[in-house]
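Below is one structure, written out as structure tokens; comments come after it.
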2 protein chains.
Amino acid sequence: MSRATMEDVARLAGVSRALVSIVYRDAPGASDATRARVLAAGKELGYRPDHRARLLGRTRTRLLGVTFDVRAPFHGDLVEALYSAAEAAGYDLALSAVAPSRAEPRAVQSLLDYRCEALILLGPQLSPSALSALAESQPVISIGRNVRAAGVDVVRTDDVAGSRLAVEHLLSLGHTSILHIDGGKTPGATERRTGYRKAIRHAGFEAHVQPGGRTEADGADAAKTFLNEPPPVTAVTLFNDRAAMGFLDTIRQSPLEIPADLSVVGYDNTAIAASSHLNLTTVAQNTTALATQTITTAHARLTGTPPTSPVVIPPTLVPRCTTAPPR
Amino acid sequence: MSRATMEDVARLAGVSRALVSIVYRDAPGASDATRARVLAAGKELGYRPDHRARLLGRTRTRLLGVTFDVRAPFHGDLVEALYSAAEAAGYDLALSAVAPSRAEPRAVQSLLDYRCEALILLGPQLSPSALSALAESQPVISIGRNVRAAGVDVVRTDDVAGSRLAVEHLLSLGHTSILHIDGGKTPGATERRTGYRKAIRHAGFEAHVQPGGRTEADGADAAKTFLNEPPPVTAVTLFNDRAAMGFLDTIRQSPLEIPADLSVVGYDNTAIAASSHLNLTTVAQNTTALATQTITTAHARLTGTPPTSPVVIPPTLVPRCTTAPPR
DNA sequence: ATGAAAGCGCTAACAG
DNA sequence: CTGTTAGCGCTTTCAT
């Protein structure tokens with residue numbers, strides 16, 4: 001009933017356990033004939049190496065720990081990209097969710113107990129000092145949050161440029177008064193606000209920032225405030241797609257037409273934003289590049305090469321149907 | 001630089017490793033004095049037991065593997081609930097994401113390699129025979145999908161009742177012609193369709209089912225079809241909240257007013273549906289109960305008690321702002 | 001190319 | 001109550 005062990009395979013193939021180990025790691029040191037025989041025996045027994053034992057015995061676990069917010073769609077997209085990137089580089093991923101009832105320190109701790117070689121934190125909310133402390137024991141990489149903490153590597157999108165893209169897109173459509181609804185203290189919010197301000201001023205217009213947040217509810221609240229006392233703007237850029245969704249949802253319950261009366265731009269290009277119905281004009285983060293660079297950075301740290309940090313990935317604008325020239 | 005080991009703690013505390021082990025598992029067999037001394041030594045060294053080694057040595061790993069769709073908000077809610085339930089029962093969770101680029105068999109396999117004691121699959125899409133095969137090696141619990149596969153336990157919401165609740169709510173508001181936009185072949189779709197049909201017929205009205213799906217895009221597509229040739233209905237029940245969101249989004253771009261012209265009911269009560277802006281009337285699955293029962297079932301299987309299966313959890317209706325009496 | 005033997009860091013009988 | 005002794009299943013020198 002219990003699973004086949006390496007010993008079983010070795011016996012069936014008539015070789016030593018060491019050989020079986022070599023074959024299954026496809027390390028050099030076994031003849032093709034032996035290799036085939038071992039593999040055949042393994043297959044017959046339905047053998048699969050025990051991952052726990054493997055990790056224990058190995059000098060390097062090649063296990064990368066990832067914390068993510070189980071409720072953030074963008075994190076879902078990133079996790080998927082990380083799986084591919086990690087696999088391509090010969091690493092394994094251990095996932096640990098952050099949720100309202102499961103705070104970040106707890107999620108991190110569980111990864112540490114698994115002896116992950118490095119920590120990949122998606123939009124971490126931990127303090128810089130807490131992050132630095134973690135970085136003393138193993139590489140720590142923050143994706144999306146631009147922390148300045150000793151020893152912590154950062155891989156992020158150039159959010160200043162991203163906001164600029166959004167603004168420039170609107171400017172090119174003819175908009176001259178544009179509002180930014182920000183992300184509060186969410187990682188990345190400062191940069192996106194700054195990018196907006198810079199681009200607006202550079203064009204010679206006035207910046208208007210309204211406080212917002214990162215959830216659909218935050219976007220909806222912002223829309224209510226907006227509708228209550230409509231500012232004289234023809235376009236809005238929001239912190240992210242989630243907020244944009246909430247915003248749009250509420251606006252559509254008003255007489256305002258999107259995009260005729262108001263253009264709206266999101267951020268992240270999450271799968272939902274892309275879906276045909278929303279058709280949200282948004283700034284795309286390059287998840288593939290973020291993931292690849294993250295794994296590269298982790299690998300560099302783990303092999304002693306000093307990585308370049310922060311790694312800044314350029315975003316792109318994805319024009320869809322929520323933006324148009326002002327009426 | 002490397003982490004402190006049990007040996008280190010033992011040395012510092014002046015005891016044997018076995019004692020340290022006993023203390024850290026808080027197993028009986030150590031005096032309070034020793035316990036305190038060991039704990040103090042451990043704390044000083046920042047010792048944390050190595051989870052891998054722990055799993056390897058133990059007869060029971062108390063590790064439960066969970067597969068979930070990283071893109072499904074409802075799965076996020078469930079995962080969170082599972083963490084709590086598992087912890088309360090002394091189990092640990094290993095997460096494995098299913099995504100477009102990471103099919104279910106792969107996700108499952110990785111859990112198996114970690115020698116999880118049981119498999120918890122959220123809305124599995126695997127064939128009944130594949131599930132049965134898995135169940136031969138360890139307990140398999142399907143949450144949400146009512147599979148009839150030998151050895152596979154099911155914990156699910158009573159979806160027939162859920163759909164009935166939705167219909168009855170609409171009937172009580174005075175609606176007499178109600179459309180159901182279904183979930184295609186998504187787990188649970190059949191039950192929700194059936195519940196709708198039964199409730200409608202029981203009330204003496206005619207059932208209308210339009211094909212749909214489980215994503216926002218599916219809901220939006222359904223809305224387009226709907227608007228193209230508006231059927232003579234005053235209310236719509238959808239397969240889930242995601243589809244309802246897409247549907248609402250598209251409907252709001254038409255002259256139709258929600259809920260004045262059309263009432264809409266979702267399903268799942270995901271965090272997003274609940275958020276103030278959407279205010280979606282929906283059928284709530286009791287994630288806490290689902291999670292608790294799942295862990296209970298797993299525990300029963302693992303300890304030899306034959307569990308009751310399927311476990312069917314009653315849903316509840318959450319009336320919000322997308323339903324009202326017909327005009 | 002192959003095998004023997006010594007860990008990896010912990011748990012679990014068992015003896016004292 | 002405490003310590004000794006084997007493993008758990010794999011990796012990894014080091015001989016042969």
Side-chain angles (χ1 to χ4, degrees), chain A residues 1-39 41-42 45-63 90 92 110 112-117 137, chain B residues 1-39 41-42 45-63 90 92 110 112-117 137:
Chain A
M1 185 62 205
S2 185
R3 279 172 155 285
T5 165
M6 189 172 255
E7 176 89 53
D8 303 329
V9 178
R11 202 176 311 138
L12 211 182
V15 296
S16 72
R17 282 170 14 194
L19 253 317
V20 179
S21 173
I22 284 174
V23 170
Y24 271 86
R25 285 177 290 144
D26 53 11
S31 66
D32 288 353
T34 307
R35 219 170 270 276
R37 200 147 39 87
V38 168
L39 254 17
L45 297 175
Y47 170 71
R48 300 217 99 217
D50 185 320
H51 210 270
R52 304 165 302 172
R54 190 164 241 192
L55 290 177
L56 230 200
R58 250 182 324 205
T59 39
R60 288 201 47 194
T61 64
R62 302 196 77 87
L63 218 211
D92 233 320
S110 105
L112 258 29
D113 291 346
Y114 271 102
R115 299 300 188 263
C116 291
E117 289 190 304
S137 331
Chain B
M1 187 62 209
S2 183
R3 280 174 154 284
T5 164
M6 189 171 254
E7 176 89 53
D8 303 328
V9 178
R11 202 175 313 136
L12 212 180
V15 297
S16 72
R17 282 171 16 196
L19 253 317
V20 179
S21 173
I22 285 174
V23 170
Y24 271 87
R25 286 178 286 145
D26 54 12
S31 65
D32 288 351
T34 308
R35 220 170 270 276
R37 200 147 39 88
V38 168
L39 253 18
L45 296 174
Y47 169 71
R48 297 217 101 216
D50 185 320
H51 210 269
R52 305 164 303 172
R54 191 164 238 191
L55 290 177
L56 229 200
R58 252 184 318 207
T59 38
R60 288 201 48 193
T61 65
R62 301 196 77 88
L63 218 210
D92 234 321
S110 106
L112 258 29
D113 291 346
Y114 271 102
R115 301 300 189 265
C116 291
E117 289 190 303
S137 330

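Chain identifiers are assigned alphabetically (A, B, ...) following the order of the sequence lines, protein sequences preceding nucleic acid strands; residue numbering begins at 1 within each chain. Hydrogens, waters and symmetry mates play no part in the numbers below; they use all other heavy atoms, side chains included.
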Quick one, S21(B) and M6(B) - any side-chain contact, counting heavy atoms below 4.5 Å? yes
R37(A) and V15(A), any side-chain heavy atoms less than 4.5 Å apart: yes
When you compare the side chain of D113(B) with that of R54(A), does any pair of heavy atoms fall below 4.5 Å? no
Can you tell me how the ring of Y24(A) sits relative to the ring of Y47(A), calling it parallel under 30°, perpendicular over 60° and tilted otherwise? perpendicular
Is any side-chain heavy atom of R62(B) closer than 4.5 Å to one of E117(B)? yes
Side chain to side chain donor-acceptor pair (under 3.5 Å) filter on D50(B), not counting sequence neighbours, yields R52(B)
Exercise for the section: Could you check whether the rings of Y114(B) and Y114(A) sit parallel, tilted or perpendicular, using 30° and 60° as the cut-offs? Expected result: perpendicular
Residues passing the side chain to side chain donor-acceptor pair (under 3.5 Å) test with S31(B), sequence neighbours excluded, are T34(B)
With five pairs defining each end axis, the helix from dA1(C)-dT16(D) to dG16(C)-dC1(D) comes out bent, to 10°, by 30°
Heavy-atom contacts, protein to nucleotides 9-16 of chain C, under 4.0 Å, summarised as B (base), S (sugar-phosphate only) or - (none) per nt, yield BBBB----
Across all chains, not counting sequence neighbours, the side chain to side chain donor-acceptor pair (under 3.5 Å) partners of T5(B) are none
The first and last nucleotides of DNA chain D lying within contact of chain A, meaning any atom under 4.0 Å from one of its heavy atoms, run from dG9(D) to dT12(D)
D26(B) side chain near R35(B) side chain, heavy-atom distance below 4.5 Å: yes
